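What you see is a predicted model; the values in this text were computed from it and never measured. Atoms within each ligand, like the ligands themselves, are counted from 1 in listed order.
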Amino acid sequence: MKEYGVKRVLMGRLKTGDDLLLSLETVLNEARITMGSLTLVGALRSATVGYYDQNKRQYQEIKYSKHLEILSGVGNISRKDGKLMVHCHVTLGDSEGRAFGGHLMPGTEVFACEYTVFEFDGPVLERRFDHETGLALWQLS
Ligand code: ZN
């Protein structure tokens with residue numbers, strides 16, 4: 001575990017038609033954020049999320065070609081291969097009030113999205129390949 005202080009809190013919104021994950025990365029890169037966390041609420045025109053198959057050790061892609069609510073989006077911001085990486089999970093809702101979601105992937109089109117970003121002060125966490133899980137995880141030691 002590492003300890004952090006909150007340096008800044010940024011609030012904003014993405015544009016209609018933006019790719020949710022890619023536009024978040026652009027906003028965070030422009031704000032020069034290297035460590036932090038974020039929350040999202042809003043609505044989508046379509047979504048692409050991942051489900052990590054622990055046996056196959058790969059993401060299974062799930063596409064939704066319909067309008068959805070972002071009931072909740074939570075994520076963290078750190079580094080992978082020296083670059084910013086946003087790891088975000090979303091809970092989505094449909095017109096029947098059903099909820100589902102997954103690991104946010106490119107291919108998710110924003111209808112409206114408000115974000116709150118908490119920038120942290122402290123050691124930068126770098127992701128590296130973890131042999132036990134097959135995932136790029138934080139190196140804490
Ligand atoms: Zn994930």
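Atom CD of E109 is separated from atom CG of D18 by 9.0 Å, given to the nearest 0.5 angstrom.
Within a 6.0 Å radius of OH in Y51, other residues, nucleotides and ligands contribute 12 heavy atoms or fewer. In this structure, F111 places its CZ atom where only 12 or fewer heavy-atom neighbours from other residues, nucleotides or ligands lie under 6.0 Å away.
Put simply, the side chain of M105 does not reach to within 4.5 Å of the side chain of V49, judged on heavy atoms.
Protein atoms of type N/O/S that fall under 2.8 Å from the Zn ion (ligand 1) number 3 in this view.
Taking 4.0 Å as the cut-off between side-chain N and carboxylate O, E30 and R32 do not count as a salt-bridged pair.
In this model, a donor atom of one side chain and an acceptor atom of the other lie less than 3.5 Å apart for D130 and T133.
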